[in-house]
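A short worksheet on the structure shown next.
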There are 4 protein chains.
Amino acid sequence: MTTVRRQQRQREWEALTRRAIEEAVVRLLTKSGSQGFTMEQVAAEAGVAKGTLYLHFKGKKDLLDQVKEASLAPLREELEAIFNADLGPQEKIRELVANQLRYFDERRDLFKVLLEERQVAQLQRTRQQNSRYKYILGRIASVVEEGMRIGVFRSLEAAKVAAMLFEASIAVIGQRLWSDHPAPWEEDARFLVEVFVHGIAARPSSRERTT
Amino acid sequence: MTTVRRQQRQREWEALTRRAIEEAVVRLLTKSGSQGFTMEQVAAEAGVAKGTLYLHFKGKKDLLDQVKEASLAPLREELEAIFNADLGPQEKIRELVANQLRYFDERRDLFKVLLEERQVAQLQRTRQQNSRYKYILGRIASVVEEGMRIGVFRSLEAAKVAAMLFEASIAVIGQRLWSDHPAPWEEDARFLVEVFVHGIAARPSSRERTT
Amino acid sequence: MTTVRRQQRQREWEALTRRAIEEAVVRLLTKSGSQGFTMEQVAAEAGVAKGTLYLHFKGKKDLLDQVKEASLAPLREELEAIFNADLGPQEKIRELVANQLRYFDERRDLFKVLLEERQVAQLQRTRQQNSRYKYILGRIASVVEEGMRIGVFRSLEAAKVAAMLFEASIAVIGQRLWSDHPAPWEEDARFLVEVFVHGIAARPSSRERTT
Amino acid sequence: MTTVRRQQRQREWEALTRRAIEEAVVRLLTKSGSQGFTMEQVAAEAGVAKGTLYLHFKGKKDLLDQVKEASLAPLREELEAIFNADLGPQEKIRELVANQLRYFDERRDLFKVLLEERQVAQLQRTRQQNSRYKYILGRIASVVEEGMRIGVFRSLEAAKVAAMLFEASIAVIGQRLWSDHPAPWEEDARFLVEVFVHGIAARPSSRERTT
DNA sequence: AATGAATGAGGTTTCATTCAT
DNA sequence: CATGAATGAAACCTCATTCAT
């Protein structure tokens, strides 16, 4: 009983230290520019000894990976909730895009750095086979397919559409991160979806096909 | 006269050496993965001494910048030609996208590395003020505006549309670079423009607004 | 009474733990090569916590010393028995050498490691004053002197002869440990004593002195 | 011509630096005990920067190997000269042993350290297959065989005799290095050979066989 | 008595850059 | 101009030992 409680407390403490270290990394990344924190700096910032870092993380790469991972986990949950929500395909897409923009806006400083180094991308598609990335694309594709099934979207390769939508969002997010005075995220989200859904062509008249 | 000719020859030699060094960097980047060539390797690959590198380039960063710059110069010229060509807005956009996809396809190995490290992006928008990037966006925006003026595009913020188009292209290019068997570039280009111009919404029926 | 018994039990438990730890070290030494086990590995292998090691041993050096000590104790007892046995000098020498070779053969793996790092030697003559080493040499010297006294050995410096015999044995043992297919230890022991006792010179004729 | 001379000079300078570094290692080994000099110390002692060490040696292991190698090279040459000299087998053996003892005496401090860590042995028989070691043993064996052929040695396994003689020499050398007041090397050399050649048995009487 | 998280000095190696030749 | 040996600041990582629980 006592043993169990002690283990419990220790695990909590362990998690706390991890968090402290990860947060130190985030602070360093956002503060002193992107191009590489040192383990020494991390230790100092987190208020632990250098060796301690290696008790919690396998090495520098692992530490950075975990930070990236942790920084995206909440977003993933939000997106998952949207996928499972009782919404129509168009609404889901709107929500997905809006959530992404909002999320990155909230942690601007960190993502500015991570995205600049394509760390986010690397995290998402390491070795071109990252399962998380594939999973999200698959989910988006499902939404698109659903839209086609019920007739609100026209028939296109769902997988390609999904990838394009996702990447375009990232692109817009990048845009926003690097511009000094980005428009409100709601506006950009609406714009992105609007273009994506209806295209830029003048509607009634432009009956001519592209190609 | 002799002096002039000698200067001439020297400048040519200087240019030759620069090229040799830059090509050595490209070879190293494509060959041994991305993660950082050393000045030593560059010197060896180029067949010059380490010190020589510093006669032609200010340092490692400068060298890398020049390589990236040089690797994109031809593309910039091609795009410029398209901007100046006697084509309608839609055709121009089609051409622009197609050219980009083709260009990156041709030097897959190099750009895979550069893009993976967001080097291309950094080159294009270093410190959020990169003039080249702004210039291109401005040109694309002009095309879009022209399209609005003559009524083939509907009225949207041209600058935003331009940025979105450009970034979406980059995103698709990234997609293509990292997938092992990408579709022919012509196909992806057509797809990209198709979606961008007409949207994914089912056409006749989808009269409802996207908020 | 209870107190006494408890103390008794505690001392046994303490001895057991020590043994477990020492055996863990031996396993590590023979297993993963020689080049240095870590206290962490020892703890894991012994199934105790790192801190526990320091309750039983002063530090790493002490631990290693104890292991070496323990690994040689049985041999020392065997040799002691021979010294005290009722045998003639030649027989004693034969037995001493034979026993050493056999003993090291039995624990090949461990001694291969210890000898490779001259750990055995260090144990035997740490700081040039190791009393155990001196004790053994003294005992061997006594045997040699006895042989001289009764006329089976010729008159030579007994101390030097003892040292030479002992070191030569160690040398042969080293030889045997490092060769993949050593001859049976009986054979090498016989050979060693034969040469040591009678020399390599052709006998009847070689009356000439060696300077 | 100038180029050649410059290369010549550079190679000499290079050799000089190497020597300086190696000597720094020797000084450190003999001075501050054996158990490990640091590259930092070496650099300081040699009066060069840490990085310089890595221009001349692949790493710490390489550096130590080279030092050991260099410290034994002269001895190897001396022994080679003896092998090739016009001497009888007994004289050759006497000379070989004497030379070894003298050589190690001359550089007592260094070899005390190297031998203590079995570094010499490791150098000589790394991976049980060291060719240099085998070569020397083979040469000694030849001398022994020659002695058998001309009848001064009795018929014994030459290879084993050679190994035993060599190892016994090393053993005596070790003895001498660690004793504070060793006898003159001439004396020990004579003693070693005397025992080795004629044995310790009282001569005329000891007709009985060992075994 | 046992634990094991934390420590932090210490180690090796890399590499962009300089500068005497 | 070209060279390349030398530099030395960092960087990452290990591990024996301590000590609060």
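Treat the numbers as computed from the prediction; the structure is a model and nothing was measured.
- Using a 4.0 Å cutoff on non-hydrogen atoms, the parts of residues 52-60 of chain C near DNA chain E are T52(C), L55(C), H56(C), ordered by number.
- The residue among G51(D) and K50(C) whose nearest nucleotide of DNA chain E is located toward the 5' end is K50(C).
- For the pair E40(D) CD and dA11(F) C1', the computed distance is 14 Å after rounding to whole Å.
- Paired regions of DNA chain F, where each region holds three or more successive Watson-Crick or G-U pairs whose two hydrogen-bonding distances fall under 3.5 Å, are E:2-21 with F:2-21.
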Checklist entry - Do E22(D) and K68(D) pass the salt bridge (Lys or Arg N to Asp or Glu O under 4.0 Å) test, and can you show the C-alpha distance, the side-chain angles, and the key distance before you say yes or no? => result CA-CA 9 Å; E22(D) 289 175 2; K68(D) 290 183 281 184; over 6 Å; no
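- Residue order along DNA chain E, read from the 5' end via each residue's closest nucleotide, puts T17(A) first among T17(A) and K61(D).
- When rounded to the nearest whole Å, the span between CD of Q41(B) and P of dT17(E) equals 15 Å.
- Residue whose closest nucleotide on DNA chain F sits further toward the 5' end, between W13(B) and A49(D): W13(B).
- For T38(B) and dT14(E), the shortest distance from a side-chain N or O to OP1 or OP2 is not below 4.0 Å.
- By the side chain to side chain donor-acceptor pair (under 3.5 Å) test, Q66(B) pairs with R18(B), D62(B), sequence neighbours left out.
- R108(A) is linked by a side chain to side chain donor-acceptor pair (under 3.5 Å) to nothing, counting only residues two or more places apart in sequence or in another chain.
- Remark: P of dA11(F) and CE of M39(A) are 12 Å apart, rounded to the nearest angstrom.
- Under a 3.5 Å cut-off, the side chain of Q41(D) and the backbone N or O of T38(D) do form a donor-acceptor pair.
- Here the side chains of Y54(B) and L63(B) are not in contact, with every heavy-atom distance at 4.5 Å or above.
- D109(C) has no carboxylate O lying under 4.0 Å from a charged side-chain N of K112(C), or vice versa, which leaves the two without a salt bridge.
- With sequence neighbours excluded, no residue forms a side chain to side chain donor-acceptor pair (under 3.5 Å) with R107(C).
- Residues forming a side chain to side chain donor-acceptor pair (under 3.5 Å) with K60(C) (at least two apart in sequence, or on another chain): none.
- Distance, L63(B) CG to dC15(E) C1': 15 Å, rounded to whole Å.
- The CD atom of E69(D) lies 7.0 Å from the CG atom of L72(D); values are rounded to the nearest 0.5 Å.
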